[in-house]
Structures are given as structure tokens and as C-alpha cells.
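Numbers restart at 1 for each chain; the letters A, B, ... are given by sequence-line order, proteins then strands.
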Number of protein chains: 2
Amino acid sequence: METKAALSQLSALAQENRLSVFRLLVKAGHDGLPAGDIAAALSVPPNTLSAQLNILSQSGLVTGQRQGRSIIYSANFDAISGLIVFLMEDCCEGREDVCAPVLEMARSACC
Amino acid sequence: METKAALSQLSALAQENRLSVFRLLVKAGHDGLPAGDIAAALSVPPNTLSAQLNILSQSGLVTGQRQGRSIIYSANFDAISGLIVFLMEDCCEGREDVCAPVLEMARSACC
DNA sequence: TCCATATTTCCAATATCGTGGAAATATGGA
DNA sequence: TCCATATTTCCACGATATTGGAAATATGGA
């Protein structure tokens, strides 16, 4: 991943509402959620949410797809794993003290 | 890790200069680098860099320690691994398609 | 004590971000 | 065609972030 892309994904997640949106979409899984449901879940006006979804979308972290009158947004799992890998390779440089807890986490809770 | 802390670390890294500072400090390892060297390496005026170091420092990603006339900054490896774990546990919810590439990365390049 | 070096703090200017009202667009159904 | 629903775009305001000049602080050495 290039730095530009990583920066835009980091900024996208570096905001309370957007982080919540992303988490919600991760929980929702591959089926995603319509924009309206997200707005309702987070108590954010739909136009405000739209702007935030746009930022997440342009960073590549989420994708929207029209389905009837709704637009269904879903998390892009490749993107988040790409960001995590970026942080590890670019920032951690193979240090064991960084990798060990991550591996531990991945093994126990994740995969 | 709490959301607040993760947000402040994400914002800290979500800026070109600060991401560069952090990378530089990771490369420098546990010995760290004096503020002046960082400023010179990135061609940023020292007072501007100071503000950026302050943000990184308040987020917990770096630490500064005076040594003579210089202040030596170093990356906090626990913090970055904590952030990575946060992204995995909080955002990924044990999905294999997120974890697999991370594990792969960790195994091949990292540890 | 006085001076040079290293860094920070103070401050103000500019830029970017977050927010939401109002209007516009897209879709589906009667 | 007309209307209701779902979402976005346009726009402007207030808030926050980034930047760097100038002055202040801290340290070490002569």
C-alpha cells in the first residue's frame, strides 16, 4: 500500500463518527447496511452521515451499492487488513516486540 | 485499548509529517533521535516539528527524554502494537479474510 | 557569569474539517 | 403521472488543525 492511501484511511478512521460507522459495518458483515439504518443507529442526520460515508468510501474502507431505493454500505475487509499490514510492515520493521502481541491476538481471538 | 486513545493515535498518524516522524523513529529503534535531527531529516522548522512531536507524544506513540541539551524521542512500540491489536479486535471481529493476510505478513516479513 | 545550542511556548494567520438546513436526484409504487 | 421514500449535493457557518515567526526556557561550556 502506498503512503497516500494509508493516510487517507487513517484520517477516515480518526474520527469518532466514522470509526463508529466502520465498526457497525464490520459487525454487519458482507451484507452491509443501508445508509438510513446507519444514520438511525448513530443518531446522525442523513446528510451529515452521507458526507462521512463519502470520506470512508473514498478512502476505500467501505463500498456503497444501490439496491432499490436504498444504498447498502459494507466494510471493505481487504482494505482494513491492508491498513493493518501497512502499519506492521511500514512502521514495525519486523520488531518482535511489535509483532508478538499482534500474533498472539490473531491466534487467540481472531483466526 | 479504549476508543479515545485509539482515536488520538489514529489522528496522530493521519498526517504526512507525523507519519514520517513516526516511521523515522521506528527505524531509529530504541535509541531514538534528538528533535533537531528529526527536523533536519524531514526539512521541517524546529518549532513546527515540536508541535507535531507533541501530538505524537500526547497520543502515546512516542516518548521524549532530555539528554543534555537535546531531547531524544523514540517510538513507543507497545503503543503501535496496541493500536494494531485494537484495529484487529475492534474492527475485524475475528474474520478470517482480515486476519489471514495479517498473519501471513507477520510470519513472512516480521517475526 | 556570559554565550551558544537545542528545544519549546506563544501567538496569529491560513487552511481544512465537521455539521446540518434546504434543495436536488433517484427509485418504486399507486 | 404523481407522490412518498432514501439518499445525496450544495452551501455556509463554526470549530479545529497546521504552520512558522519571535520570544522564552533549559542546558553545558568557557
Side-chain angles (χ1 to χ4, degrees), chain A residues 3-25 28 31-76, chain B residues 3-25 28 31-76:
Chain A
T3 302
K4 271 276 176 67
L7 274 171
S8 97
Q9 297 182 347
L10 287 167
S11 328
L13 293 178
Q15 206 260 351
E16 203 166 2
N17 276 323
R18 288 193 300 260
L19 184 56
S20 302
V21 169
F22 187 73
R23 284 203 237 178
L24 196 61
L25 289 179
D31 291 346
L33 284 175
D37 289 13
I38 304 172
L42 304 185
S43 308
V44 172
N47 57 345
T48 301
L49 182 82
S50 181
Q52 292 169 332
L53 282 170
N54 202 39
I55 288 168
L56 282 165
S57 173
Q58 286 199 273
S59 81
L61 283 167
V62 311
T63 316
Q65 193 169 359
R66 183 174 285 277
Q67 196 169 298
R69 269 183 281 206
S70 302
I71 296 182
I72 309 289
Y73 282 91
S74 41
N76 184 343
Chain B
T3 301
K4 270 276 178 64
L7 275 172
S8 96
Q9 296 182 347
L10 286 167
S11 328
L13 292 178
Q15 205 259 353
E16 203 166 2
N17 276 323
R18 288 192 300 261
L19 184 56
S20 302
V21 169
F22 187 73
R23 284 202 238 177
L24 197 61
L25 289 178
D31 291 345
L33 284 174
D37 289 12
I38 303 173
L42 304 186
S43 308
V44 173
N47 56 345
T48 300
L49 181 82
S50 181
Q52 292 169 333
L53 282 170
N54 203 39
I55 289 168
L56 281 165
S57 174
Q58 286 197 273
S59 80
L61 283 166
V62 310
T63 316
Q65 194 170 356
R66 182 174 285 276
Q67 197 168 298
R69 269 182 281 206
S70 301
I71 297 183
I72 309 289
Y73 283 90
S74 42
N76 185 343

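Atom-to-atom, CG of Leu56(B) to C1' of dA17(D) comes out at 14 Å; the value is rounded to the nearest Å. For the pair Ile72(B) CD1 and dT27(D) P, the computed distance is 14 Å after rounding to whole Å. Here the C1' atom of nucleotide dT8(D) and the CD atom of Gln67(A) are 18 Å apart, to the nearest Å. One interatomic measurement links the two molecules: CG of Leu49(B) to P of dT19(D), which rounds to 10 Å at whole-angstrom precision. Distance, Leu7(B) CG to dC17(C) C1': 15 Å, rounded to whole Å. The separation between Asn54(A) atom CG and dG20(C) atom C1' is 16 Å, rounded to whole Å. The nearest whole Å value for the distance from the CG atom in Asp37(A) to the P atom in dT5(D) is 15 Å. Separating the CD1 atom of Ile38(B) from the C1' atom of dA6(C) is a distance of 13 Å, rounded to the nearest angstrom.
Donor-acceptor pairing under 3.5 Å, judged by distance alone, is absent between the side chain of Asn17(A) and the base of dG18(C).
In this structure a side-chain-to-backbone donor-acceptor pair under 3.5 Å is present from Ser11(A) to Leu7(A). Distance alone, capped at 3.5 Å, places no donor-acceptor pair between the Arg23(A) side chain and the Arg18(A) backbone. When atom types are taken as modelled, the side chain of Ser20(A) and the backbone of Glu16(A) share a donor-acceptor pair closer than 3.5 angstrom.
If Arg69(A) and Gln15(A) are placed on DNA chain C by their nearest nucleotide, the residue sitting closer to the 5' end is Gln15(A). Each of Ile55(A) and Asn47(A) has a nearest nucleotide on DNA chain C; the 5'-most of these lies closest to Ile55(A).
Remark: Ser70(B) is in phosphate contact with dT7(C), judged by side-chain N or O atoms under 4.0 Å from OP1 or OP2. The phosphate of dG18(C) has neither OP1 nor OP2 within less than 4.0 Å of any side-chain N or O from Thr48(A). Phosphate proximity of dT8(C) to Arg66(B): absent, as no side-chain N or O sits under 4.0 Å from OP1 or OP2. OP1 or OP2 of dT8(D) has at least one side-chain nitrogen or oxygen of Tyr73(A) nearer than 4.0 Å.
In terms of heavy-atom proximity, Leu53(B) sits nearest to Ala35(B) at CD1-CB, 4.0 Å.
Out of dG20(C), dT19(C), dT9(C), the shortest distance to the side chain of Gln52(A) is found at dT19(C). Which of dG20(D), dT8(C), dT27(D) sits closest to the side chain of Ser50(B) comes down to dT8(C). Distances from the side chain of Ile71(B) to the nucleotides dG20(C), dT8(C), dT18(D) place dT8(C) closest.
Base pairing of dA15(C) is made with dT16(D), judged by Watson-Crick or G-U wobble geometry with both donor-acceptor distances under 3.5 Å. Of all nucleotides present, only dA4(C) satisfies the Watson-Crick or G-U wobble test against dT27(D), with each distance under 3.5 Å. Nucleotide dA22(D) is matched to dT9(C) when pairs are restricted to Watson-Crick or G-U wobble geometry with both distances under 3.5 angstrom.
A distance of 8.0 Å separates OH of Tyr73(A) from CG of Leu49(A), quoted to the nearest 0.5 Å.
Among the protein residues, Pro46(B) comes within range of the nucleic acid bases, having at least one heavy atom under 4.0 Å from a base atom.
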Distance-only criterion, 3.5 Å: show the donor-acceptor pairs between side-chain atoms of residues 54-69 of chain B and protein atoms not counting sequence neighbours.
residue, atom, partner, partner atom, Å
Ser59(B), OG, Leu56(B), O, 2.8
Ser59(B), OG, Leu61(B), N, 3.3
Arg66(B), NH1, Gly68(B), O, 3.4
Arg66(B), NH1, Arg69(B), O, 3.4

